[in-house]
There are 2 protein chains.
Amino acid sequence: MIHIGIYNEHKLMGTGLAAILEQVPDFDVLFCTENKDKLMVFAQNGNLNILVLAIHDTSVRTMNLIVRLSLINPKARLLVVSFDNSEETIIKIVKSKAKGVLGREASKKELIEAIYTLRNGFDYFTSSISQMVLNQYINKLETPENKNEGLDSLSERQIEVLRLWGKSYSNQEIADELFISVRTVDAHKNHIMQKLQLKSMVELVKFSIKNNIIEI
Amino acid sequence: MIHIGIYNEHKLMGTGLAAILEQVPDFDVLFCTENKDKLMVFAQNGNLNILVLAIHDTSVRTMNLIVRLSLINPKARLLVVSFDNSEETIIKIVKSKAKGVLGREASKKELIEAIYTLRNGFDYFTSSISQMVLNQYINKLETPENKNEGLDSLSERQIEVLRLWGKSYSNQEIADELFISVRTVDAHKNHIMQKLQLKSMVELVKFSIKNNIIEI
DNA sequence: TCCTTCTATAGGTGAATCACCTAATTAGGC
DNA sequence: GCCTAATTAGGTGATTCACCTATAGAAGGA
């Protein structure tokens, strides 16, 4: 008997998952909740084998939730079902201690397969996802020099310029604010673009949002 | 016997909904798909009474899908299950010809109740949602002048330009893509900025992200 | 210590874009 | 028929972008 818990912010969908799993004789659904606090209590159950987490975003809160769950009950293995199966999201989930990941294209059969696999002590990733992870790994190998793509590679001054620019300041306004020449502001932006390998201002805005420099 | 069709981009969740509905003796699940093209074919089935649509975003594409579905088979009443139950989203869904809306907090019982209600010719909205709609209606009365702040105020062409620009296309590239002059592209962007009362490109990117024109 | 690398600063130049306009044509609504 | 909006495109000057170069200082390694 495999004891399973379900968490889904979308209550109806959680109930749906439960309905699927209850069809399998080996499976026993211990709980199914859309409430985070209740989840934290239920998750401490010593009998719990598998915890199915359906997530709808990849916010810091959500990722922290996964980490916390893996800490409060290491015996319960985490199976994350994610609607968003972009490369970025998958990497985030894998990093956050999940033992298995299913994407939006997963089938009922795959869900059941994944649970058995996790129960047997192995990790499970949907084929499309494992391919993705592999690609990511290969890319890492191919660039021995870490591209240093993140915020860390930027200097304080560069971030400051980016921050003001993100507030819709013009170059002139930024220059006035920082008591430097407009050309310097321009140079800073150029250096940032070069360093981050971005093609356009649109991508720079996206980067800034991802890194919490610009609020949306 | 109520004949039901299910569409959910998240295949697993669609299967889950099917599992719930199959437990009800009165219900007959005709199909359950995550494929838009197949949905379009299945939806034409004359026997179809209820079409359950689980949606994960409120992009123009998704809303158009709802409208199209209501047109190709007016007999099949649409029940939309939305993860996002913000006021904005609900209004969009209601506008798009859906006969019923369920939010993320809906229960299995409510789903079944909603289907019976729709079958009987009435509309169904979760309580939290109907309250919201009411509030919105009151607000509308209070502001006779439509603010027209959103995506709706933009023309198809303007959205198209915005979409390409959001893909980091330069004005010249957009012009080539759409077979128009660079100046026209520029004019479109100016009109967009004016209409939306945006101060900078940064704000335009934010707007585009909020409205699912740019993916992040 | 010297050498290298990174950073902050600022300038040059030409192309592209922005921010203001005007304006013709067309389509839709009242 | 009139009015409004959309699409198209051009003018002009300011601003910014995308390439460079260049200097002074700081940090770090051989």
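Only heavy atoms go into these numbers, but all of them, side chains included; no hydrogens, no water, no symmetry mates. So you know, we letter chains A, B, ... as the sequences are listed, proteins then strands, and number each from 1.
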| said: Should the side chain of A/R183 and the base of D/dT15 be counted as holding a donor-acceptor pair, with the cut-off at 3.5 Å? | reply: no

| said: For nucleotides 23-30 of chain C, give me one character per nucleotide, 5' to 3': B if any protein heavy atom sits under 4.0 Å from the base, S if the only such contacts are to the sugar-phosphate, - if neither. | reply: --------

| field | Pair A/E160 + A/R163, salt bridge at N-O below 4.0 Å | value | yes

| Just how far, in rounded Å, is C1' of C/dC18 from CD1 of B/I192? | 14 Å

| remark: To the nearest angstrom, the CH2-P distance between A/W165 and D/dT16 comes to 12 Å

| message | Quick one about B/N190 and B/Q194 (side-chain donor to acceptor, distance below 3.5 Å, no hydrogens or angles considered), yes or no? | response | no

| task | Look at the side chain of B/T184 and decide which nucleotide, out of C/dA10, D/dA9, C/dA8, has an atom nearest to it. | result | D/dA9

| query | According to the interplanar angle, ranging from 0 to 90°, do the rings of B/F27 and B/Y116 count as parallel (below 30°), tilted (30 to 60°) or perpendicular (above 60°)? | reply | tilted

| query | Could you give the NZ-to-P distance, from A/K195 to C/dT7, as a whole number of Å? | reply | 4 Å

| message | For a 4.5 angstrom cut-off between non-hydrogen side-chain atoms, does A/D57 reach A/D84? | response | no

| query | Reckon A/N171 touches a base, only the sugar-phosphate, or nothing at all at heavy-atom distances under 4.0 Å? | reply | sugar-phosphate

| Atom CD of A/E173 to atom C1' of D/dA14: distance rounded to whole Å? | 14 Å

| So, B/D28 versus B/H3: side-chain donor-acceptor pair below 3.5 Å or not? | yes

| task | Look at the side chain of B/S170 and decide which nucleotide, out of D/dA18, C/dT17, C/dA19, has an atom nearest to it. | result | C/dT17

| note | Of the listed D/dT16, C/dA19, D/dA18, the closest approach to the A/M201 side chain comes from D/dA18

Interface polar pairs with nucleotides 23-28 of chain D, N/O, under 3.5 angstrom:
none

| query | Are B/Q158 and B/K195 close enough that a side-chain donor and a side-chain acceptor fall under 3.5 Å? | reply | yes

| message | From CZ of A/R157 over to C1' of C/dT9, roughly how many Å is that when rounded to an integer? | response | 10 Å

| query | Which whole-number value in Å describes the distance from B/H188 NE2 to C/dA19 C1'? | reply | 17 Å

| task | Please figure out whether B/D186 or A/D186 has its closest DNA chain D nucleotide nearer the 5' end. | result | B/D186

| request: Identify which nucleotide among C/dA10, C/dT9, D/dC17 has an atom closest to any side-chain atom of A/S181, counting heavy atoms from C-beta outward. | output: C/dA10

| request: Could you tell me how the ring of B/F83 sits relative to the ring of A/H56: parallel (under 30°), tilted (30 to 60°) or perpendicular (over 60°)? | output: parallel

| said: If you assign A/S155 and B/M193 each to the DNA chain C nucleotide with the nearest heavy atom, which residue ends up on the more 5' nucleotide? | reply: A/S155

| note | Winner on side-chain proximity to B/N190, out of C/dC20, C/dA10, C/dA8, is C/dC20

| message | Please determine whether a side-chain nitrogen or oxygen atom of B/K189 lies at a distance below 4.0 Å from atom OP1 or OP2 of C/dT17. | response | no

| task | Starting from C1' on D/dT15, measure out to CD1 on A/I174 and report it in whole angstrom. | result | 13 Å

| field | Atom-to-atom span, CD of B/Q172 to P of C/dC18 - whole angstrom | value | 13 Å

| query | Using a distance-only test with no angle check, is there a side-chain donor-acceptor pair under 3.5 angstrom linking B/Q23 and B/K108? | reply | yes

| said: Taking the basic N atoms (NZ, or NE/NH1/NH2) and the acidic carboxylate oxygens, is any pair closer than 4.0 Å for A/E9 and B/R104? | reply: yes

| B/N171 side chain to B/K189 side chain, donor-acceptor N/O pair below 3.5 angstrom | yes

